[in-house]
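Computed from a prediction, not measured in an experiment: that's the story for all the values here. Chain letters run A, B, ... following the sequence lines, proteins first, then strands; residues in each count from 1.
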Protein chains: 2
Amino acid sequence: MNIGDVARLSGLPAKTIRYYEAIGLVDPLRSNNGYRAFRESDLHKLHFLGRARSLGFSIEDCRTLLALYQDRSRASADVKLVATEHLGRIDAKISELVEMRNTVAHLIDACAGDQRPDCPILGDLGSGPIKRLAGPSTH
Amino acid sequence: MNIGDVARLSGLPAKTIRYYEAIGLVDPLRSNNGYRAFRESDLHKLHFLGRARSLGFSIEDCRTLLALYQDRSRASADVKLVATEHLGRIDAKISELVEMRNTVAHLIDACAGDQRPDCPILGDLGSGPIKRLAGPSTH
DNA sequence: CATTAACCTTCCATCCTCGGGAAGGTCAAG
DNA sequence: CTTGACCTTCCCGAGGATGGAAGGTTAATG
């Protein structure tokens with residue numbers, strides 16, 4: 001199979017597949033003409049990678065998971081650990097975004113959104129606790 | 001004020017402030033010794049930027065918001081639009097992450113996490129709809 | 001046989017938002 | 001005079017690809 005074939009079959013862009021080869025995630029053979037020659041096993045790996053990436057696993061996580069995938073004597077605990085850490089990162093990111101979301105949504109609610117310049121959104125962004133340089137004390 | 005001062009006062013790293021200058025978000029004066037000389041107005045801008053960035057606005061959004069902030073004849077509708085589009089992007093991102101989260105959480109639940117190699121997580125990643133090349137039909 | 005179109009190759013640059021670190025200039029205190 | 005804390009510019013790297021240029025290969029046409 002040439003790269004175009006595995007691209008269609010795996011759903012990954014050819015560019016991405018070349019990139020995955022460059023960073024050592026897949027290692028296709030080469031034909032006489034220099035074209036990459038993918039085996040079924042390569043296609044399988046690429047499919048695995050596409051699915052893992054779509055679940056948000058980092059490339060390094062993918063590398064680990066792929067190694068575990070191919071290790072018949074793996075412990076499922078090792079896989080679960082990788083996934084659990086990933087879940088923790090997802091949850092942290094969600095919390096962060098939800099907090100942003102709430103703040104932004106409140107500001108939007110408070111803004112009239114008309115032709116007048118008065119705007120609580122800009123008001124919020126421009127105000128707040130700016131520290132001041134220590135000056136002559138009024139104390 | 002030197003960069004270290006505004007860094008402390010704005011809460012932004014000096015590196016970030018230099019970067020903001022490089023991309024034209026702030027434009028401090030220069031002292032005779034070549035040091036950046038920040039005015040109160042620069043500090044104010046940096047504070048504005050820090051707050052907007054912490055709410056997840058992109059640099060380009062920040063550029064727009066900063067321009068509106070300094071435009072006395074702005075319409076609050078313009079600000080609200082930027083914020084509303086941003087909110088939409090946050091919500092989309094949250095949805096995406098929540099979907100990932102649920103999938104990953106289910107897989108984790110299904111995994112024994114022991115010494116045995118059997119693992120539904122790897123099972124999920126490695127299976128699924130791989131398309132096949134059209135071959136000799138058995139039909 | 002010549003051409004064309006669809007492949008494939010490598011290499012280099014770009015996106016975004018900085019952060020790290022090198023090499024070197026400046027300034028105030030002791 | 002030295003020390004240490006500043007400051008400067010410059011280049012490299014992250015993650016995870018993506019875009020494009022310049023050129024080789026192959027299969028199907030005319």
### Query
Quick one, which residues of residues 30-37 of chain A touch DNA chain C with a heavy atom under 4.0 Å?
A/Arg30, A/Gly34, A/Tyr35, A/Arg36
### Query
Nearest-Å distance, CZ (A/Arg18) to P (D/dG20)?
14 Å
#### Entry: Nucleotide interval of DNA chain C bounded by contacts with chain A (heavy-atom cut-off, under 4.0 Å)
C/dC7 to C/dC11
### Query
What are the two closest heavy atoms between B/Lys45 and B/Leu25, and how far apart are they?
CD-O, 3.9 Å
### Query
Salt bridge or not for A/Arg39 and A/Asp42, using N-O below 4.0 Å?
yes
### Message
Just to verify, which of A/Val79, A/Val82, A/Asp78 counts as forming a side-chain contact (heavy atoms from CB on, under 4.5 Å) with A/Thr64?
### Response
A/Val82
### Message
Looking at every heavy atom in both A/Arg18 and A/Ile3, which two are closest together, and how far apart are they?
### Response
CG-CD1, 3.5 Å
### Message
With a 4.5 Å cut-off on side-chain heavy-atom distances among I, L, V, M, F, W and Y, is there a chain of contacts connecting B/Leu87 to B/Leu81?
### Response
no
### Message
I'd like to know whether CZ of B/Arg116 has more than 12 heavy-atom contacts from other residues, nucleotides or ligands below 6.0 angstrom.
### Response
no
### Task
In plain terms, say whether B/Glu60 and B/Arg63 are close enough for a salt bridge, that is, a side-chain N and a carboxylate O under 4.0 Å apart.
yes
### Query
Cut-off 3.5 Å, side chains only: do A/Ser76 and B/Asp114 have a donor facing an acceptor?
yes
### Query
Considering all heavy atoms of both residues, which atom of B/His86 and which atom of B/Leu55 are nearest to each other, and what is their separation?
NE2-O, 2.8 Å
### Task
Drop me the distance from A/Arg53's CZ to A/Leu46's CG, to the nearest 0.5 angstrom.
13.5 Å
### Pairs flagged by ring-ring contact (aromatic ring centres under 6.0 Å, His included) wherever residues 14-36 of chain A is involved - sequence neighbours left out
none
### Query
What is the minimum heavy-atom distance between A/Pro117 and B/Arg72, and which atoms define it?
CB-O, 3.5 Å
### Task
Look at all strands and tell whether B/Ile3 reaches a base, only sugar-phosphate, or nothing, counting heavy atoms closer than 4.0 Å.
sugar-phosphate
### Query
Under 6.0 Å from the CD atom of A/Gln70, do we count more than 12 heavy atoms belonging to anything else shown?
yes
### Summary
Scanning both residues in full, the closest heavy-atom pair of A/Leu65 with A/Phe48 reads O-CZ, 3.8 Å
### Message
What does the B/S/- profile of nucleotides 13-19 of chain D look like, 5' to 3', with a 4.0 Å heavy-atom cutoff to protein?
### Response
---BBSB
### Task
For the helix from C/dC1-D/dG30 to C/dG30-D/dC1, figure out the bend between the end axes, five pairs an end, and round to 10 degrees.
30°
### Query
In residues 82-100 of chain B, what residues come within less than 4.0 Å of DNA chain D, judged by heavy atoms?
none
## Note on the structure
Rounded to the nearest 0.5 Å, the CG atom of B/Leu107 sits from the CD1 atom of B/Ile121 at a distance of 6.0 Å
